[in-house]
Amino acid sequence: MLTIQKKEQRVGLKPLPNVKGKVVMRFAPNPNGPLSLGHSRGVSILAEYWRMYATDGPMGHAAGSELLLRFDDTDPQVKPPLMDAARGWNGYEMIRSDFKWLTGKDPSRVVVASDRIKIYQDAARDLIRVGGAYVCNCDAETFKALKDAKTPCPHRDQTIEHNLAGFDGMCNGTTKKGAAVLRVKTDIQHPHPGLRDWTAFRVVATDAIHPRETLGQIPRHHAWPLLDFQSAIEDHLQGVTHVIRGKDLMDSTRKQTFLYKHMGWTYPETLYWGRVSVHEFGKFSTSMMRRAIEAGKFSGWDDPRLPCLAALRRRGYSAGAVRAFWVNLGLTEKDIAVSLTNLDAEDAKANEPGAHRLFFVPDPQLLHIDGVAGKVAKPLRNPNRPDAGHRTLTAEPHLVVAKDDLAPRLRLKDLGNIEQAGGHGKFTDDVMDRSLAIVQWLPKSLALPFTVLKPHFETDAEAAAAGDDGPEDEPLAPGAKPELEVPPLLEITGLVEPSVTTEVGKVVQLERFGFVRVESPERGVWLHT
RNA sequence: GCUCCGUUAGUCUAGUGGCCAAGGAUUUAGGCCUUUCAAGCCUGCGGCACGGGUUCGAAUCCCGUACGGAGCACCA
């Protein structure tokens, strides 16, 4: 008997392919700066699978799941790790705390690649012994020309002994930068030029000293592995079963597959996500942000205008909302352009139920109102949760309301109706009249000065009005480095009710203004409307 | 130039030959509710890039075109 079943909507991420036993994954950032919103896609997706395949997760089984944090810090010269004691910056520590904030957990294991250079060098020797790699003495231009012509270079057929000796020279410092690299043999005729005999190891410049070498945390190394080699070896060593990474690394998978074949290993299952651009933040990179901060254009990695997790955390975004945002987008190879609007909607769901309401009066105007003194307003801390209690505001003759709210007749929220002209007026009644604007107000003597820092990102309408089609890719002058756009940071000043002092560190909703994270009794940072 | 990936409403996504006259989220318009222009509830607008083919039947399979993106580093 055949039964037709209605297709069921799948919620959340697709199941991982080819799961047998424990699921082991890794998040592998370069610690050249803290994590950004872009990195958080990877962490969020990986953390979701980590949860799904945990022993007690929805897809779980006894073997469980692991998510490793691996610092891919094998570049002492171009993108060295961020370690600036004077500024208190440490990429490793910043990423560990970003990871913990976002996932709520510590990683299953932490691997620091620069601790393990000797292991990679030994792995390279193993690869040479099986005939999978050779030491190439061509300079970069020469090799490129040969490679583009699908022609093997003269070093490709050297003996294993010769290669081993050459590699020793690279490791012990007798071979200088540029004089030799170790290449993995692939297929010099391969149709894809990027896959032909790729570089596994290079000798770094004598003055390119890794920050951890300077600090004596690791011994001095001359020959450092490139990402594709280090990552491939480490994935095998750590028993990684599933690699999930950006689509830009598709060719890495193909390169590394050659290496795995030489070694007789099985390559992990690999999934990709497409390129993401976030409308509000434009084009950015960790190094661009670092330069801009060092130049004083931003106050730090947590400047509210920056796409760093530190900045989102400071503004009050819930980590769960950031994760939900990415999990909802799913894992697709399509390149996407998203707006922060979706994150804000997700965050509102997370923050709104717990956020206390506060009266905030921007651009305050003083009113002298007869007949209000002593009247008491008891607005709820959260109208959707009466059990959260209320604040108490006692009116006095001098009140403030926002300049934009000024009108001949007004309803002071939770207090009553007034009429005024030129700043003087009187209390009329407290009969509910929905035709009046209901405005926030404060007793002058109790109101506290409050400033909200609000990043101003260009909206589509503004961009259209300004007549530009987004960031233009003008060719940079030789040697020039791309600069980060610096959006304005507005400082909105006003008065807030005294109970702000009990909200420090929390997200509040300033009624009819927006959600703000209170940093101190005097200052808040804009979250969203 | 060579190689690879992608294309469902404004945005993101579900969908792997009939259950799809395409579902969800967000955005947006309107309404309800409400002592916030928040939240909540209801309703509406809006989409399978294009052209061929296979098939009784295609968003789904094949071919081509267009458009978008990535890689071709002694960076990650």
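As a basis for the values below, the full set of heavy atoms in this structure was taken, side chains included, without hydrogen atoms, waters or symmetry mates. Below, chains carry the letters A, B, ... as their sequence lines are ordered, and counting in each starts from 1. This is a predicted model, so every value here is computed, not measured.
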Take atom CD of Glu280(A) and atom P of rU27(B), then tell me their distance rounded to the nearest Å.
13 Å

Under 4.0 angstrom, heavy atoms only, what part of the nucleic acid is [X] near: base, sugar-phosphate, or nothing?
| X | value |
| --- | --- |
| Asp335(A) | base |
| Gly330(A) | nothing |
| Pro379(A) | nothing |
| Lys334(A) | sugar-phosphate |
| Ala140(A) | base |
| Asp72(A) | sugar-phosphate |
| Leu226(A) | sugar-phosphate |
| Asn384(A) | base |

Side-chain-base donor-acceptor pair under 3.5 Å for Glu346(A) and rU26(B):
no

Exercise: do Glu234(A) and Gln230(A) side chains pair donor with acceptor under 3.5 Å:
no

In terms of relative ring orientation, are Trp224(A) and His210(A) parallel, tilted or perpendicular, with 30° and 60° separating the classes?
parallel

Are OP1 or OP2 of rG71(B) and a side-chain N or O of Lys255(A) less than 4.0 angstrom apart?
no

Would you say Thr332(A) places a side-chain N or O within less than 4.0 Å of OP1 or OP2 belonging to rU13(B)?
yes

Minimum heavy-atom distance between Gly524(A) and Phe450(A), given as atom pair plus value:
N-CZ, 3.4 Å

Rounded at 0.5 Å granularity, tell me how far CG in Leu367(A) sits from CD in Gln365(A).
8.0 Å

Starting at the 5' end of RNA chain B and moving along, which residue's nearest nucleotide shows up first, Thr529(A) or Met432(A)?
Met432(A)

